[in-house]
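Here the structure is laid out as structure tokens; the discussion comes afterwards.
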Amino acid sequence: MFYIYCPYCGEHREEEEFHPKGQAHIERPKEPEACSDEEWGNYLFFRDNPRGVHHEMWVHAVGCRKFFNMTRHTVSYEILETYKMGEQPSITADSQNQPREAAAVSDQEEVRA
Amino acid sequence: MSQSKQHQQQAYRLNTGGRIDRSRTLSFTFNGKRYQGHPGDTLASALLANGVDIVNRSFKYSRPRGIVAAGAEEPNAIVQLGSTEAAQVPNVRATQQALFNGLTACSTNGWPNVQRDLMGLVGKLGGQFMPPGFYYKTFMAPASMWLTYEKYIRKAAGLGRSPMEADPDSYDHLNQHCDVLVVGAGAAGLAAALAVARGGARVIVADEQEEMGGSLLASRETLDGKPADQWVAQVLEELADCENVTLLPRTTANGYHDHNFVTLHERRTEHLGETAPVVNGYRQVRSRMHRVRAGQVILATGAHERPLVYAGNDVPGNLLAGAVSTYIRRYGVAPGRKLVLSTSNDYGYRAALDWKEAGCEVVAIVDAREAPAGDWVDAARAQGIKIITGSAVIEAKGSNRVSAARVAKIDIDAFKVSGPIQELACDTIASSGGYSPVIHLASHTGARPTWRDDIIGFVPGLVKGVQACGGANGTYALGDVLAEGVEAGIRASAAIGHAAQPVSLPSAERLQQGPAVALFQVPHEKPTLRGPKQFVDLQNDVTAAGIELATREGFESIEHIKRYTAMGFGTDQGKLGNINGMAIAARCLGRSIPEVGTTVFRPNYTPVTFGAIVGRHSRDLFDPERYTALHQWHVERGAEFEDVGQWKRPWYYPQKVNGKTETLHEAVARECLAVRKKVGILDASTLGKIDIQGPDAREFLARIYTNKWEKLAVGKCRYGLMCKDDGMVTDDGVTSCLAENHFLMTTTTGGAAAILEWLELWHQTEWPELDVYFTSVTDHWATMTITGPEARKLLAEISDIDLDRDSFKFMDWRSGTVAGVPARVYRISFTGELTFEINVQANYAMHVWQTLFKHGEKYGLTPYGTETMHVLRAEKGFIIVGQETDGSVTPEDLGMQWCVGYDKPYSWIGKRALTRSDTKRENRKQLVGLRPKDPKVVLEEGAQIVLDPKHAIPMPMVGHVTSSYYSPILDSGFALAVVKGGHKKMGETVYLPMADGQTHEAEIVSTIFYDPKGERQNV
Amino acid sequence: MQRYSGFGLVKHALSHHENWERQWRNPTPKKQYDVIIVGGGGHGLATAYYLAKEFGVKNVAVIEKGWLGGGNTARNTTIVRSNYLWDEAAALYEHAMKLWEGLSQDLNYNVMFSQRGVLNLGHTLQDMRDIQRRVNANRLNGIYGEVLDARGVQELVPIMDCSTNARYPVMGASWQPQAGVARHDAVAWGYARGADAHGVDILQQTEVTGFKIRDGRVYGVHTNRGDIEAKTVGCVAAGNSGVLANMAGFKLPIESHPLQALVSEPIKPVLDTVVMSNQVHGYISQSDKGDLVIGAGIDGYNGYGQRGSYPTVEHTLQAIVEMFPIFSRVRMNRQWGGIVDTCPDACPIISKTPVKGLYFNCGWGTGGFKATPGSGHVFAASLAKGEMHPIAEPFSMFRFHSGALIDEHGAAGVAH
Amino acid sequence: MSNAATFDTRTDTAIPVESPLAYSYRHSGAPRGSGYRLKLRERAMLGHLILRGGAIVLDEAVRDVLGISLPGQPQGLVQDASGERSIQWLSPDEWLVIVPGGEEFPLETQLRERLGDAHFAISDVSGGQTLLEISGEAARELLMKTVIYDVHPSNFPVGKGVTTVFAKATTILRRPSEERWELVVRRSFADYCYRWLLDAGSEYGVNVEQ
């Protein structure tokens, strides 16, 4: 069970006070009507789901009721940082100087997305 | 021998020694026979004292089994506890159950009894037909017979039995926080705890045994030249005096979860009786789960001795060497008379020394090493004990008790017997294959253990904030263990910012020890597959041959081998067997142990009663029941309640008519007609209410709702529909404009909390620039809905609000007083009748409600519940989110285009999704009314709708009934349904084939069945 | 392949079990296969088995990074049922159910499919509406089911608290008597043995590290044991699907979450059916060995750690003791976690992808085990023909663009 | 003015009121006895206001009107000299004000006047929650059974308050003095909380003061 530092309350609190809210930094398209069905579907449903460093949103539901972001490793479950809404992470998968699991590299010659 | 000796009480009890209180006698019953023991005994030590050899029958082969160990690792002595049905506890480990007066236990297997077990015959005859995985290879023909085979297999399986009555005891949780948690209060743990405690940090020390001290309680070693338990007593005294220290004996750390969250199961009363006692008039909890969040964790969990795997090693009388010592030194019991010890290391020698000192005969020590040398070896020689080197016990003889040991020279590398075999008469064989650190807790965290050749064992992998010391870390020499404990304590203190204080350790004896040899399975003169059974996992009857066979069949990963043979899946989770099993697999595959895999242990370390995990969250406290301010009234009025989320809402109010209580149907018909013809009242307090303030409140509403809000004037209310951004309806309700910058939103009863979070989500993440605040006021207001033609007259009697139809219009709200209480009254309607929703501060609700009844009697004021509310709203075609919708329904599917602001400037939540190819489809399921052709028919809710009822199965379905009721005012059944392309199918006939073979016919009609022009609510 | 039978068992016993053959080989990877299946769990092995046996594609490799059947196949609570609400899902799971019924004989491996029936309890009026809706739909789809009232439930499970005193009294249930449980490991092993016998190479301890893609077409995979080529690659990697998709350069509408389960100590037979409850949230059956096998919920965060949070276990046991107060003194032996790949609509993806020749079968969430034979069969058919099998067609990953979701959340309740 | 509607939901007349625990006293009773180690007392009918806005915006107004300053630090709880009025930090833009019953509306009106056109919100929630005092030697252990927050004095000194999990509900927990704890519970959950406290406290003996 996680022990989470709430950046608004300024202290560690038990996971039971929080709800996870999925991947962080997903912005709603500014002009939804200009989106194709594919782009809109991507916004609604398609996620990074990395095995490793993940930026995700949580809410301190039984507490200050603030949403905030967390950088967490999805295998070790180690919380690398939490930061307020609107801020950017200081730790990312690239900044983590560790060997990347399963060296996820492919020959991508003209991959159509 | 046990048969002949049962009349003789405690024949194996030693006259001196041990930590038992011989001055007091406790009596207990095992398998129907009465025995005696002493305070300080475990059930196991007491059984041994009384010469009870067979404590159980094995699971697969029904072989007689005796006590092997003295602690959590015991695989055999699994008993059923309890003298009454409600107090039954299955699968109690006798080695961990303190003896109490009146304890009643029996074996979990064996028919008709453990002494003479008929299944044992099957095991003997059929044993060879039951290799691992035999059930995968047979019982396949004929296919229909499997359920029959399975019935017999199930009967033979299982250990103890579940009680058949509810638990009389209660349990609870204690949420603990500490700087340092020390798990294990043996030498390492106590040393660590002392170091931490003196530094002033908050420390919890948990130990699973009845007494703290671990192996020091039964050690032959001294500290400062005094018995080690004196040091234990002195340390415990100091710790008990520290305000920053919590000592938890009888407390097992059973699970180690993320971020140093550890569950400690404290057995508070299980040593006292089979149900929890009453102290000072207050009943105690049976056991308690400490949910500990620790800054640092120190694992001082010690090590388990590994038995050697030889033929017949499961016959009663085969014990771990360390267990023999423990029984003699701690419990004053010699578990036999004549001992043969088989060992691969120096530690095992202690059992022989203790045995000899207890006045019993040591037939021989059989040491696998060619030239053992060390202080304990010398001591044994000095005692005149015969030592047979380069050899091992290759087979135990005997059926119900060991009668002899077959001993031979062995060649470990070549895995064969290399010399002549001699048979030594004895009744006890103790074995020691070295130690396995107790790495269980560490592996719960996902950290992989590491193999160390030097200690022939795995040491724990460690995550952040944890350290291991002493036996748990593969350190066994007492002096080193103590020093490591202090170091761990100092490191842990430093990590949480506490200065460590010096701890002067007592001096331990410096013992010379010879190196151990890696011996796991002992070779037999016959090949493993042909020889007598050599057990690896005693509880699951897994043999060395079984493991060999599994590897032959291609099961090469240890995880495969465990699963194919069931090794390690018992209630002991393979504490004794797993490493031996891995070693055997490694031998068969020609690999090293770490190449075969690691053992991954899962919580729990030892099993924990469901009750303790559940805690107080059971029975009346399983889940909160939420009540409105009027709950007392509803209860007194005899309401039946409906669960809506956590709320208890009145469902209907059955009355006694001519001495008979109304049915749901009768009550609802009466309530419905009262509303349609006179006036009814509903407690609507459960609706979610959110106070919205700020200059951008209106803009916010426009973005979050599908419909428009720009022109809603102060004093007005409007219905709103909410979607997720996938365009699917998620909530609805009425929002009122209280002031230009002030709105009150209502939500569905079940959706209240989620909608508040939903609003906050959009405000905090996407639209922080909007100046608006949301506050839940659900509980502040009580809401009483009076509805029906007489509603105005009734309200006028007790309100100072001008209720005139022209000044207080439909969809207006006004404030004033009702029954002398300040109230906001909303003229909105969910029934289609003239309706006033009276909102008062909840503390006044009962007064207002009762006043309404005082005045309402003459108008026929009738309380109605949710069922009537549903009928009335359905007659009007009003939806219930969650009933008409299921997360796949858009506003357009509901025919609610009138509630969609297509041209609002901001692309509100859900709008974009409505133009996706699938949401634009013409033949989407759309909400319609259904009128059964036979008005007496009330269609089943959930009935499926087809166009061709003669179509073969699978029959294409075009929709289903979402709501269906009998309408008392229309005197007919009617329904709401979703039907593919339904909006363009008005007047068409559809069919509803039912499970009973009937097919109903219905016509697609408008969703509004009553007062289609909406005149009644406007009067 | 050595045939298994009771007679064979006796024969082997008399020769001291020295003549049993390997159940599958441990082959060296070839340079090239017709089809590569990535993921050696139940679904992947079943796909390979049916490819070789039913669709004539025998040059097949199954690539497994660990040991076969070691993922969710080994970690689930083994419930098999097909009473799904929507036509598309019902067709898929019922296809599986038909295959389950002859599976032991087809594989010559006893998977112990025990049709002891599954109860999905209803505790609220809306639960009961949903149950009626689902059972009615099932019957018209040819899936037998009944709606029981509280008394009917009590007769089937006498030890359950069906009284009105419960916090959420049992109002009734749906009952699918053909449903039940099966022995999870045996399913993986049986398919592995069968596939191997048809010539499939099962490559364990082999990890795919990337895809070979040219002109938007897959032609092989990189592995820790070298490159292996194939023009058709099917990924059946459950919780790790997202990682594989990233390697191939696209995203999936999938998130991987921890799902926990637990067992009690073995006790004598006391529960003869499978009981599932959405409202109090727990599900339970008793294994042939006597363990109460109990499923806990999904943790809300993403996780590949095969661990979840402890309160999830607490809540589950609270639900179990609420339904079965007599189990309060039974003890929990062991808990564990799996990684489930969940789709937004609680239905799987069996689909072509933006990369030609690369197919994904994933997103089974908590419902994968029961579908194993059906999933493998329709996926094999799709891979063999290069066109999606009609039962698989609705489960395209592109439904998340069009909006044609098959939302089993709303109505089916517990999706396990 | 903030252009919000204000409404005094309280009346001075002798109209009977029922506290959120009225049902519970009838149903579960209010145990009294000797030898108890826990004391429970409801402080019903107090005035409860939720204050929303920026700390800088609110602080001066609160000080002027109420005479105590807004706790600026997270988890802060400030009381006036009498201990009858308090303000508690709930979130960076949210505070709970508790005052003697009847003071809440005049207070809201004064604050609104004082705050003028600033962006803020005040919501009266007096009917929606009640305050329970817990004292006695077993108080801390009872809280450990009940809330997941660390109530050890080193972590929970006087003058602190948090929102946290109460069994399966939520609560606001405050420590106004060394020997006394306060729980603010929602009306609809009050009976559950009360039954929980009686049950959890039963092993120590509970005395309920009405």
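Chain identifiers are assigned alphabetically (A, B, ...) following the order of the sequence lines, protein sequences preceding nucleic acid strands; residue numbering begins at 1 within each chain. Quick caveat: nothing in here was measured; it's all calculated off a predicted structure.
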Requested in this report: In sequence, state the C-alpha distance, the side-chain angles, and the governing distance for C/Asn108 and B/Met140, and then conclude on side chain to side chain contact (heavy atoms under 4.5 Å, CB included).
Outcome: CA-CA 8 Å; C/Asn108 179 233; B/Met140 282 180 283; 3.6 Å; yes

Using atom types as modelled and distance alone, determine if a side-chain donor or acceptor of [X] lies under 3.5 Å from a backbone N or O of [Y].
X	Y	result
C/Asn26	B/Gly554	no
C/Arg167	B/Pro624	yes
B/Asn604	C/Met332	yes
C/Asn136	B/Gly942	yes
B/Arg154	C/Gln286	no
C/Arg307	B/His257	no
C/Asp87	B/Pro956	no

Report task. Please lay out, stage by stage, how C/Gln23 and B/Tyr136 fare under the test side-chain hydrogen bond (donor to acceptor under 3.5 Å, both in side chains). Result -> CA-CA 12 Å; C/Gln23 298 194 5; B/Tyr136 302 130; over 6 Å; no

Requested in this report: Measure centre to centre between the rings of C/Trp24 and B/Phe555, then say whether the value is under 6.0 Å.
Outcome: yes

Report task. Just do the side chain to side chain contact (heavy atoms under 4.5 Å, CB included) check on B/Thr138 and C/Asn110 with the steps written out, would you? Result -> CA-CA 7 Å; B/Thr138 181; C/Asn110 190 351; over 6 Å; no

**Report entry** Donor-acceptor pair between C/Arg334 and B/Gln573 side chains, under 3.5 angstrom
**Finding:** no

Relative to chain B, which of [options] shows the most heavy atom pairs under 4.5 Å?
options	answer
C/Thr124, C/Leu125, C/Val10, C/Asp291	C/Leu125
C/Arg116, C/His16, C/Gln115	C/His16
C/Ile159, C/Leu107, C/Leu68, C/Leu292	C/Leu68
C/Leu14, C/Asp272, C/Thr316	C/Asp272

Report task. Could you point out which residue of B/Glu940, B/Glu941, B/Gln944, B/His960 forms a side-chain hydrogen bond (donor to acceptor under 3.5 Å, both in side chains) with C/Arg133? Result -> B/His960

Please report the shortest heavy-atom distance between [X] and [Y], naming the atom on each side.
X	Y	answer
C/Asn333	B/Phe569	ND2-O, 4.1 Å
B/Thr108	C/Lys268	O-NZ, 3.5 Å
B/Val89	C/Arg329	CG2-NH1, 3.5 Å

Requested in this report: Using the salt bridge (charged side-chain N to carboxylate O under 4.0 Å, His left out) rule, take B/Glu150 and C/Arg183 through it: C-alpha gap first, then chi angles, then the decisive distance, then the call.
Outcome: CA-CA 12 Å; B/Glu150 188 184 39; C/Arg183 172 74 195 153; over 6 Å; no

Tell me, side chain or backbone of [X] under 4.5 Å from chain C's heavy atoms, or both, or neither?
X	answer
B/Thr263	side chain
B/Glu165	backbone
B/Glu867	side chain

Query - chain C interface, residue from B/Gln646, B/Arg921, B/Gln80 that has the most non-hydrogen pairs under 4.5 Å - result: B/Gln646

Query raised in the report: Is the B/Phe261 ring parallel, tilted or perpendicular to the C/Tyr310 ring (thresholds 30°, 60°)?
Result: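 Tilted: the ring planes of B/Phe261 and C/Tyr310 meet at 30° to 60°.
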
Report task. Check step by step if side chain to side chain contact (heavy atoms under 4.5 Å, CB included) holds for B/Lys137 and C/Gln2. Result -> CA-CA 10 Å; B/Lys137 296 171 177 164; C/Gln2 218 170 19; over 6 Å; no

Query - C/Glu21, part contacting chain B, at a heavy-atom distance under 4.5 Å - result: backbone

Report task. Dump the intermediate steps for side chain to side chain contact (heavy atoms under 4.5 Å, CB included) on B/Glu553 and C/His17, then the final yes or no. Result -> CA-CA 11 Å; B/Glu553 290 193 85; C/His17 300 292; over 6 Å; no

